[in-house]
Amino acid sequence: MIIQAKNYISTGFGSNDAKTISNLIDEMLQKEESITIDFSGIDFYCTYFFNRGFTFRLDTMSQEEYDSKIKVIGLNKTGTAAYSLSYDNSVDYFKIPLEMRKARNEEIAELVEELIN
């Protein structure tokens with residue numbers, strides 16, 4: 001099934017947009033359908049959007065399963081770069097053992113805390 005993202009969101013930027021798209025993907029996956037999201041007409045993106053809306057699924061799906069069930073088309077240059085970064089980082093991140101991920105998450109949390117203060 002092809003979903004026109006612009007019918008549901010105006011940017012690929014924030015958590016509300018990510019949640020909207022993620023819910024659409026979940027509906028199709030529950031029906032065991034493949035889904036293609038067409039982002040034609042959307043201009044603004046960030047990796048956070050793709051992390052929260054798409055690639056977190058690589059924790060529970062194999063890369064092959066993800067690639068066969070979820071496709072993204074119609075991205076502009078910025079969207080393509082943001083999606084690729086999110087996808088590649090998620091593939092690498094979810095390949096490492098859980099304990100190592102927890103340690104990395106703690107390091108990141110400490111860095112963020114330092115930046116905030």
For Asn23, does the CG atom have more than 12 heavy-atom neighbours from other residues, nucleotides or ligands under 6.0 Å away? yes

Could you give the distance from CZ (Arg52) to SG (Cys46), rounded to the nearest 0.5 Å? 11.5 Å

Do you know which two heavy atoms are closest between Asp38 and Gly74, and how far apart they sit? OD1-CA, 3.7 Å

Determine whether the aromatic ring centres of residues Tyr83 and Phe50 are separated by less than 6.0 angstrom. yes

Spacing of Leu98 atom CG and Asp59 atom CG [to the nearest 0.5 Å]: 8.0 Å

Give a yes or no on whether the backbone of Ile42 and the side-chain of Tyr45 come within a donor-acceptor separation of less than 3.5 Å. yes

Give, for atom CD1 of Ile116 and atom CG of Leu111, the distance between the pair rounded to the nearest 0.5 Å. 11.0 Å

Within this structure, what is the OG-OH distance for the pair Ser86 and Tyr48, rounded to the nearest 0.5 Å? 11.5 Å

Would you check if the side chain of Lys71 reaches a backbone N or O of Asp67 as a donor-acceptor pair within less than 3.5 Å? yes

Side-chain contact, heavy-atom cut-off 4.5 Å: Arg57 with Ser90? no

Atom pair CD1 (Ile73) and OG1 (Thr80), whose distance is rounded to the nearest 0.5 Å: 11.5 Å

Residues Thr55 and Tyr87: closest non-hydrogen pair is CG2-CA, 3.6 Å

Determine the minimum heavy-atom distance between Ser34 and Ser68, stating which atoms define it. OG-O, 3.3 Å

Specify the closest pair of heavy atoms between Met28 and Ile35, including all atoms of both residues, with the distance to one decimal. CG-CD1, 3.4 Å

Shortest non-hydrogen separation from Lys6 to Ser40 and the atoms involved: CD-O, 3.6 Å

All heavy atoms of Ile21 vs all of Ile9, minimum pair found to be CG1-CD1, 3.7 Å

Output the distance between atom OG1 (Thr36) and atom CD (Gln4), rounded to the nearest 0.5 Å. 10.5 Å

Same apolar cluster: Phe49 and Phe44, side chain cutoff 4.5 Å: no

Please evaluate residues Glu27 and Lys31 with respect to the criterion salt bridge (charged side-chain N to carboxylate O under 4.0 Å, His left out), reporting the C-alpha separation (whole Å), side-chain torsions for both, the decisive distance (0.1 Å), and the verdict. CA-CA 7 Å; Glu27 286 177 31; Lys31 296 177 185 177; 5.4 Å; no

More than 12 heavy atoms of other groups within 6.0 Å of Phe94 CZ: yes

Cation-pi check, Arg104 to Tyr93: give yes when NZ or CZ is under 6.0 Å from the six-membered ring centre and within 45° of the ring axis, no otherwise. no

